[in-house]
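Data first, discussion second: the structure below is written as structure tokens.
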Amino acid sequence: MADEQWRTRRGGVETALRTSAVWTAVTGLLADKQAARPTGDDRPLRVLDLGGGTGGLAVPLAELGHEVVVVDPSPDALASLSRRSAERGVAERVTAVQGDADSLAAIVGDRLVDLVCCHGTLEVVDDPQATLVALAGVVAPGGHLSIVAAQRLAVVLARVLAGQFTQAKQALVSDDGRWGAADPLPRRFDASALRAMVEQTGLVVEDVHGVRLFSDLVPSALIDSDADRTALLELEAAASRHPEFAFLGQLGAAVHVLART
Ligand SMILES: C[S@@+](CC[C@H](N)C(=O)[O-])C[C@H]1O[C@@H](n2cnc3c(N)ncnc32)[C@H](O)[C@@H]1O
């Protein structure tokens, strides 16, 4: 496949179907924070990404001028992150730290963070509520927390479409949203329960909406152009925020929660 075609299908974080909606929300939030600062305050915003892995979010944010700390237990992921940030010329704005939620307070110290991200990671930690409390504890006054986590109903639908009806029922009724012992994810969330968990930390939830409503279900051969991808993203955004049909957001493969201090 030619380079150009590959980019059209896969895209970068800004345009890929998997990440585009969250990228738009996160960068919009950071732009608002920058715009709200008093004249002359042009320090970089501080972002912390727990489970930030190889820097799929961190490196592009650093390219926008933000200072990003990635905390992740995987040395291999952090090595890739360091290579990637050096290749993109932003190594001085990306700090890679091996750790987990228990390490956050010590890593941050008194330099609290403008935006704390935890994307695709709450599903795998030992104790999601304790992780949320630790994340909330390092958000600066006026700062935000961004959580992206796998949702239950998407996997129910996916198992139905795969003809795995027993697994679909298990995912629907189980406490952890798993479809069985072979399910690779330790847990999935329901939007309302995740909202309540974030609220329990004392943060104020500003927005909850589903992402990747349809894109994981569409064969990639049917998404042939930038126009197709844009139309699909616009459909997903419209569906997840539709005044009557916002319940469609619960079909999203993931839910995005934004909260503030
Ligand atoms: C599915 S990846 C998500 C990567 C990235 N945040 C994203 O959205 O694509 C999960 C990441 O969580 C990290 N991880 C696993 N256990 C963790 C834990 N207990 N605390 C923090 N991160 C963890 C993994 O090393 C991996 O980088």
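Note that ligands are numbered from 1 as they come in the structure, with each ligand's atoms numbered from 1 the same way.
- With hydrophobic clusters built from ILVMFWY side chains whose heavy atoms lie under 4.5 angstrom apart, Leu258 shares a cluster with Leu57.
- In terms of protein heavy-atom proximity, atom 12 (O) of ligand 1 is closest to Thr121 OG1, 3.4 Å.
- Of the protein's heavy atoms, Val125 CG1, 3.9 Å lies nearest to atom 19 (N) of ligand 1.
- By the 4.0 Å heavy-atom criterion, Pro73 is counted among the residues contacting ligand 1.
- Linking ILVMFWY side-chain heavy atoms closer than 4.5 Å, directly or via other members, places Val138 and Val47 in two distinct hydrophobic clusters.
- Side chains of Asp176 and Ser174: a donor-acceptor N/O pair is present below 3.5 angstrom, by distance only.
- In terms of heavy-atom proximity, Arg37 sits nearest to Leu45 at NH1-CD2, 3.6 Å.
- Residues Ala154 and Gly252 come closest through the heavy atom pair CB-O, 3.5 Å.
- Taking a cut-off of under 4.0 Å to the non-hydrogen atoms of Ser74, the atoms of ligand 1 that pass are 25 (O).
- Within ligand 1, counting atoms from 1 as listed, the ones closer than 4.0 Å to a heavy atom of Val124 are 15 (C), 16 (N).
- Of the candidates Val13, Val70, Asp72, it is Asp72 that places a heavy atom closest to atom 24 (C) of ligand 1.
- Near Asp100, the atoms of ligand 1 lying under 4.0 angstrom from a non-hydrogen atom of the residue are 20 (N).
- Follow the hydrophobic side-chain contacts under 4.5 Å out from Val208 and you reach Leu132 in the same cluster.
- When each atom of ligand 1 is checked for a heavy atom of His119 under 4.0 Å away, the hits are 3 (C), 5 (C), 6 (N), 7 (C), 8 (O).
- Contact atoms of ligand 1 toward Gly53: 27 (O) (distance under 4.0 Å to a heavy atom of the residue).
- Cluster annotation: Leu112 and Val133 are assigned to distinct hydrophobic clusters (Ile/Leu/Val/Met/Phe/Trp/Tyr, side-chain heavy-atom contacts under 4.5 Å, transitive).
- Looking at Leu50 against ligand 1, only its side chain comes within 4.0 Å, counting heavy atoms.
- Counting protein heavy atoms under 4.0 angstrom from atom 9 (O) of ligand 1 gives zero.
- For ligand 1, the atoms lying closer than 4.0 Å to a non-hydrogen atom of Gly120 are 1 (C), 2 (S), 3 (C), 10 (C).
- The residue from Gln167, Arg188, Arg178, Arg159 that alone fulfils the side chain to side chain donor-acceptor pair (under 3.5 Å) condition with Asp183 is Arg188.
- Of all protein heavy atoms, the one lying nearest to atom 5 (C) of ligand 1 is Gly51 O, 3.4 Å.
- Closest approach of Gly249 and Gln151 over heavy atoms only: O-NE2, 2.9 Å.
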